[in-house]
2 protein chains.
Amino acid sequence: MNTVATLRQPIPRRTLHDELVDRLREMIHVGELAAGEKIPEKALCEQFQVSRTPLREALKVLAADGLVRLTPNRGASVAALTLQDLEEVFPIIATLEGLSGELACRRISDPEIAEIREMHEEMVRRYEARDLPEYFRLNQAIHRAILESAGNTSLQSVYDNLAGRISRARYVANMSPARWERAVAEHCEILAALEDRDGERLGRVLREHVMTKLATVRQSLAEPA
Amino acid sequence: MNTVATLRQPIPRRTLHDELVDRLREMIHVGELAAGEKIPEKALCEQFQVSRTPLREALKVLAADGLVRLTPNRGASVAALTLQDLEEVFPIIATLEGLSGELACRRISDPEIAEIREMHEEMVRRYEARDLPEYFRLNQAIHRAILESAGNTSLQSVYDNLAGRISRARYVANMSPARWERAVAEHCEILAALEDRDGERLGRVLREHVMTKLATVRQSLAEPA
DNA sequence: AAACTTTATATTGTATTCATTATTCACGTC
DNA sequence: GACGTGAATAATGAATACAATATAAAGTTT
């Protein structure tokens with residue numbers, strides 16, 4: 001059934017550089033390419049079995065995204081995020097998430113709200129079960145759903161780019177029980193504002209929620225690993 | 001005097017792809033590479049007297065920035081900005097400018113404020129003399145100064161990237177006398193809020209100011225050229 | 001042993017070449 | 001004239017080659 005429909009669709013193409021952008025991004029996110037480290041161009045070409053051209057093109061893109069630093073004649077390294085970087089980027093992300101909340105309230109449908117409520121309730125159950133990875137996944141899905149409900153693809157794109165820069169820091173930050181409880185409370189407020197379609201309140205709560213996360217990350221960085 | 005100091009400084013390097021990014025960006029801004037048009041890769045290499053490699057690298061970067069569209073096996077074209085794109089990007093820019101105003105009020109110095117006031121006053125004189133190009137230049141300089149006073153280089157970078165996408169649309173939009181008068185009034189309010197270091201008010205006024213510009217652009221697009 | 005110089009090797013940036021894909025042109029058929 | 005097919009040409013993506021720069025290793029001097 002599905003196969004017949006697929007056969008009559010355009011054949012998707014993907015350039016090597018595009019594929020490499022995604023792979024390198026993921027490698028940075030999971031720490032396989034560590035912050036501050038030189039990017040081993042030759043080794044990566046061998047690993048991926050591609051020539052240097054598409055890999056270098058991919059690195060240019062990642063540099064434009066801020067994930068990678070290019071130094072002329074010295075190659076590329078993974079951008080090392082300082083606390084200063086985080087202090088700069090989080091307010092921007094907070095502001096953009098606030099905007100996405102405001103825009104979402106103008107156009108979100110009842111089924112979309114219901115879906116977010118479902119995810120929220122499951123997330124709370126994961127919290128109560130102390131299942132952090134699944135809680136984290138659902139948490140991200142809720143933020144993603146709100147962003148998509150905003151219906152602004154440019155906002156999604158800008159947000160994704162910035163979020164990609166700090167994804168590693170967010171991923172490894174430890175959350176204390178008190179902060180976790182607070183985060184859940186904030187999410188209840190997010191859902192309430194969303195159900196009321198109160199854009200201003202949702203925008204404010206989302207901004208505060210993200211800035212709370214910055215405090216978590218900041219504290220995590222201050223502790224010895 | 002200055003020459004001796006310069007001689008003992010590191011020798012700056014610039015890769016071709018980096019230079020080409022800037023040149024192509026400018027060519028798009030001034031309309032030399034028109035929206036929707038194919039980018040003539042071969043001709044540009046001849047014009048700039050470079051090989052295809054750095055040019056293709058530059059195009060990848062511009063594509064990541066949203067200025068250029070890459071279609072596999074069909075090459076690159078200048079992204080055609082639809083009204084939808086503008087409707088999406090302007091609110092983001094407005095939000096980011098609002099944030100820059102808030103951040104600036106937290107840390108701007110008296111000399112910085114004085115400099116912005118000077119520019120403002122000169123801009124008003126240019127308005128009264130009906131000198132639009134110079135008014136536009138000063139207008140941009142004021143926004144730039146506020147953004148820099150925010151002291152957030154990530155914000156500058158994100159803002160510049162977005163502003164670069166819509167720079168052509170802004171540049172060609174016609175401003176009616178009524179809108180011009182309103183823009184000047186808004187700038188007076190911007191300066192007042194800045195001098196009061198009232199971050200919330202400045203943020204709000206800057207957001208409105210940018211959204212007013214969207215209305216100008218929108219109207220300009222609705223009129224036959 | 002430390003510092004300096006020279007040589008060898010590796011890496012980086014760019015140019016050129018190769019293979020594939022797309023577009024255009026020419027020709028034949030209906 | 002419209003349509004289809006095949007050949008020729010151009011453009012695109014990637015691989016390879018070349019030149020320049022940086023780094024490491026070896027040799028020499030103090």
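What you see below is based on every heavy atom in this structure, not just the backbone, and it leaves out hydrogens, waters and symmetry mates. Just so you know, these numbers come straight off a predicted model, no measurement behind them.
Here A:K38 lies in heavy-atom contact (under 4.0 Å) with sugar-phosphate atoms only. Contact annotation for A:T15: backbone-only contact, meaning every heavy-atom pair under 4.0 Å involves sugar-phosphate atoms and none involves a base. Using a 4.0 Å heavy-atom cutoff across all strands shown, A:R13 reaches sugar-phosphate atoms only and no base atom.
Near DNA chain C, meaning a heavy atom under 4.0 Å away, the residues from residues 42-52 of chain A are A:K42, A:R52. Within residues 62-76 of chain A, the residues approaching DNA chain D are A:N73, A:R74, by heavy-atom distance under 4.0 Å. Residues of residues 17-28 of chain A having a heavy atom closer than 4.0 Å to DNA chain D: none are found.
A donor atom on one side chain and an acceptor atom on the other are found under 3.5 Å apart for B:T212 and B:E186. Remark: the A:E112 side chain and the A:S109 side chain contain an N/O donor-acceptor pair separated by less than 3.5 Å. A donor-acceptor contact under 3.5 angstrom links the side chains of B:D85 and B:T82, judged on distance only.
Contact between B:A150 and B:R107 at its shortest, heavy atoms only, is O-CD, 3.3 Å. Considering all non-hydrogen atoms of both residues, A:M175 and A:A183 come closest at SD-CB, 4.5 Å. Taking each heavy atom of B:L99 and A:I92 in turn, the nearest pair found is CD2-CA, 3.9 Å.
Qualifying side-chain hydrogen bond (donor to acceptor under 3.5 Å, both in side chains) partners for B:E87, counting only residues two or more places apart in sequence or in other chains: B:R218. Remark: B:S154 engages A:E88 in a side-chain hydrogen bond (donor to acceptor under 3.5 Å, both in side chains) (not counting sequence neighbours).
What separates CZ of B:R56 from P of C:dA15 is a distance of 14 Å, to the nearest Å. Rounded to a whole Å, the CG atom of B:L16 is 11 Å from the P atom of C:dG13.
No side-chain heavy atom of B:L81 sits less than 4.5 Å from a side-chain heavy atom of B:R168.
Reading DNA chain D from its 5' end, the first and the last nucleotide to sit under 4.0 Å from a heavy atom of chain A are D:dA14 to D:dA22.
Under the 30°/60° scheme for interplanar angles, the aromatic rings of A:H187 and A:H143 are found to stand perpendicular.
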